[in-house]
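Worksheet: one structure, shown below.
Letters A, B, ... are given to chains in the order of the sequence lines, protein chains preceding strands, and every chain is numbered from 1. Excluded from the calculations below are hydrogen atoms, water molecules and symmetry mates; all remaining heavy atoms, backbone and side chain alike, are included.
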There are 2 protein chains.
Amino acid sequence: MNRETAPPDALTFWSFVDYAVRKADQELPAVNTDAMRMVLTLNRATSMVIYDLESTVHRPRGLTWPGFRVIFALWLAGPMEAKTTAEISGMSRAALSALLNTLERDGLIVRARASHDRRALQLSLTEEGYGAILGGFRAHNLRESAWAESLEPAEQTELVRLLNKLMAGSTDAKAKFRN
Amino acid sequence: MNRETAPPDALTFWSFVDYAVRKADQELPAVNTDAMRMVLTLNRATSMVIYDLESTVHRPRGLTWPGFRVIFALWLAGPMEAKTTAEISGMSRAALSALLNTLERDGLIVRARASHDRRALQLSLTEEGYGAILGGFRAHNLRESAWAESLEPAEQTELVRLLNKLMAGSTDAKAKFRN
DNA sequence: TCCGAATCATCAAACATTTGATCATTTGAG
DNA sequence: CTCAAATGATCAAATGTTTGATGATTCGGA
């Protein structure tokens, strides 16, 4: 890797992945450039979609993206233990704990001790929380649809299949999971 | 949507997408379930990969995931203006500003005023920053490779193609971009 | 039954991100 | 040339995440 090489004239968000892969391939021995490209691209595509959804749909309605995920899970799967909520919405128990402070303060959810186990926490939506998701989900799904229209139906299916296969392989990859 | 329906016996990280899509389809009119499934799956797959890379490779070496992204960009594309760094690493100028405080304090990067425009900031890696990325990138790419092995080579290529097509469609989707 | 181990939740400190405001510098129209 | 508008960077306040520690409750083997 030549530390003095100047960047190309127009290094932009769009050209960076190609540039990075080419440069790493030239300068480093034994780089798996396909894997590098896959992870870089996956990261970027997701960031774009999430940023769009959060900034156009949820923040204007008073929810952050993580807040939406939790309310969404509670809306779909009904009252449940906090441990389950954390798992299905893909966050650590500690992160959920902090997030619940905001959601509870805003009157969207209610915390209650579980009857069968006084360590456990039972979460449920308030009327206001129910209303928040009702209002937001339509707009959310419309923007999801706009993104999905970039791909043919068969391509959408294939993308989902590939992502699921990638996730399923995490066991073989000995990937680390959240708490 | 039935607000009283109890969640299934075993609602887990793995079963949630199927459950959510089925439930929404049953209970709501006119939901685009394919788009819903695509965005949910994209989000989950990316979270898994990034969490694994951050927690097994970068945090143990003293870098956060965003910190790595910035050092990585500077390593590959050489000294550059902060504005460019923010753009290619997918963060807002304000977020980069805060992140640079940490990286500068840790002695990994140097801030300097650009000569041609005294408003602009020129970023470059220090010796220590250069060493940090040299040590970490190998491990990073090895884990990327482990993830990529879940897919056949042709599937990796196809996944990247579909993600790029998705991103390219953001213009038609009138997606909102970062600052 | 008792007590150590496991489990559930929260806390604390450090860090990163968002939006919106502010300050310094540069640009460009008149 | 002048001054308002645009641009680059930072700041401020609120929020969410991470890791590691601490409390409370339950479980399970001796």
Note to self: So if I take every side-chain heavy atom of A82(A) and compare against dA9(C), dT10(D), dA16(C), which nucleotide ends up nearest?
What the structure shows: dA9(C)

Item checked: Side chains of R44(B) and N164(A), donor plus acceptor under 3.5 Å -> no

Note to self: Rounded to the nearest 0.5 Å, what separates atom CD in E149(B) from atom CG in N32(A)?
What the structure shows: 8.0 Å

Item checked: Within residues 83-96 of chain A, residues whose heavy atoms come under 4.0 Å of DNA chain D -> S92(A), A94(A), A95(A)

Item checked: Integer-rounded Å distance: dC15(C) P and L108(B) CG -> 12 Å

Next item on the list: Round to a whole Å and report the spacing from CZ of F68(A) to C1' of dT18(C).
Entry: 18 Å

Check: At under 4.0 Å, does any side-chain N or O of R59(A) touch on OP1 or OP2 of dT17(C)?
Finding: no

Checklist line | Comparing E54(B) and H116(A) on DNA chain D - which has the more 5′ nearest nucleotide | finding: E54(B)

Next item on the list: Using the six-membered ring wherever Trp is involved, compare the ring planes of F72(B) and W75(B) and label them parallel, tilted or perpendicular (cut-offs 30° and 60°).
Entry: tilted

Margin query: Quick check for you: among dG16(D), dT19(D), dT17(C), whose closest atom lies nearest to any side-chain atom of T64(A)?
Written below: dG16(D)

Note to self: Heavy atoms only, 4.0 Å cut-off, all strands: where does A120(B) land among base, sugar-phosphate and nothing?
What the structure shows: sugar-phosphate

Check: Which whole-number value in Å describes the distance from D52(B) CG to dT18(D) C1'?
Finding: 15 Å

Item checked: Atom-pair distance (CD on E81(A); C1' on dT26(D)), nearest Å -> 13 Å

Notebook entry, point to check: Say you draw a straight line from CD of Q122(A) to OG1 of T85(A); how long is it, rounded to the nearest 0.5 Å?
Noted result: 8.5 Å

Item checked: Shortest side-chain distance from A98(B), nucleotide among dC15(C), dT17(D), dT17(C) -> dT17(C)

Check: Are any of R119(A)'s side-chain N or O atoms less than 4.0 Å away from OP1 or OP2 of dA6(C)?
Finding: no

Taking only nitrogen or oxygen atoms into account, show me every contact under 3.5 Å that the protein makes with nucleotides 1-3 of chain D, one pair per line with its distance.
none

Checklist line | Under 3.5 Å donor-acceptor, R111(B) side chain and L123(B) backbone | finding: no

Margin query: Between M48(B) and F13(B), does the side chain to side chain contact (heavy atoms under 4.5 Å, CB included) criterion hold? Intermediate values first, please.
Written below: CA-CA 11 Å; M48(B) 286 180 70; F13(B) 178 81; 3.8 Å; yes

Next item on the list: Determine the minimum heavy-atom distance between A139(B) and R61(B), stating which atoms define it.
Entry: CB-NH2, 3.7 Å

Note to self: Go nucleotide by nucleotide along DNA chain D from the 5' end; which of K176(A) and G67(A) gets its closest nucleotide reached first?
What the structure shows: G67(A)

Next item on the list: Give, for atom CG of L159(A) and atom CD of E158(B), the distance between the pair rounded to the nearest 0.5 Å.
Entry: 9.0 Å

Next item on the list: Between dA9(D), dT10(C), dT19(C), spot the one nearest the side chain of Y51(A), thanks.
Entry: dT19(C)

Checklist line | Integer-rounded Å distance: dT10(C) C1' and L100(A) CG | finding: 11 Å

Check: Looking at the side chain of D117(A), which of dT17(C), dT26(D), dC11(C) is the nearest nucleotide?
Finding: dT26(D)

Check: Between E104(B) and V110(B), is a side chain to side chain contact (heavy atoms under 4.5 Å, CB included) present by the stated rule, with each step listed?
Finding: CA-CA 6 Å; E104(B) 189 176 40; V110(B) 168; 5.7 Å; no

Notebook entry, point to check: Whole-Å distance between dG16(D) P and L99(B) CG?
Noted result: 20 Å

Item checked: Stepwise side chain to side chain contact (heavy atoms under 4.5 Å, CB included) check, V17(A) with V160(B) -> CA-CA 11 Å; V17(A) 172; V160(B) 169; over 6 Å; no

Notebook entry, point to check: OP1, OP2 of dA16(C) versus side-chain N and O of R69(B): anything below 4.0 Å?
Noted result: no

Next item on the list: Indicate whether OP1 or OP2 belonging to dC8(C) is found under 4.0 Å from a side-chain N or O atom of R113(A).
Entry: no

Checklist line | Nearest-Å distance for atom pair CG/C1', residues N101(A) and dA9(C) | finding: 11 Å

Checklist line | Any R118(B) side-chain nitrogen or oxygen under 4.0 Å from OP1 or OP2 of dG8(D) | finding: no

Notebook entry, point to check: Nearest to the side chain of S97(A) - dA9(D), dC8(C), dA9(C)?
Noted result: dA9(C)

Checklist line | Test log, rule side chain to side chain contact (heavy atoms under 4.5 Å, CB included), inputs R59(B) and W65(B) | finding: CA-CA 8 Å; R59(B) 291 230 179 223; W65(B) 175 252; over 6 Å; no

Checklist line | Interatomic distance where CG belongs to L63(A) and P belongs to dT19(C) [whole Å] | finding: 14 Å

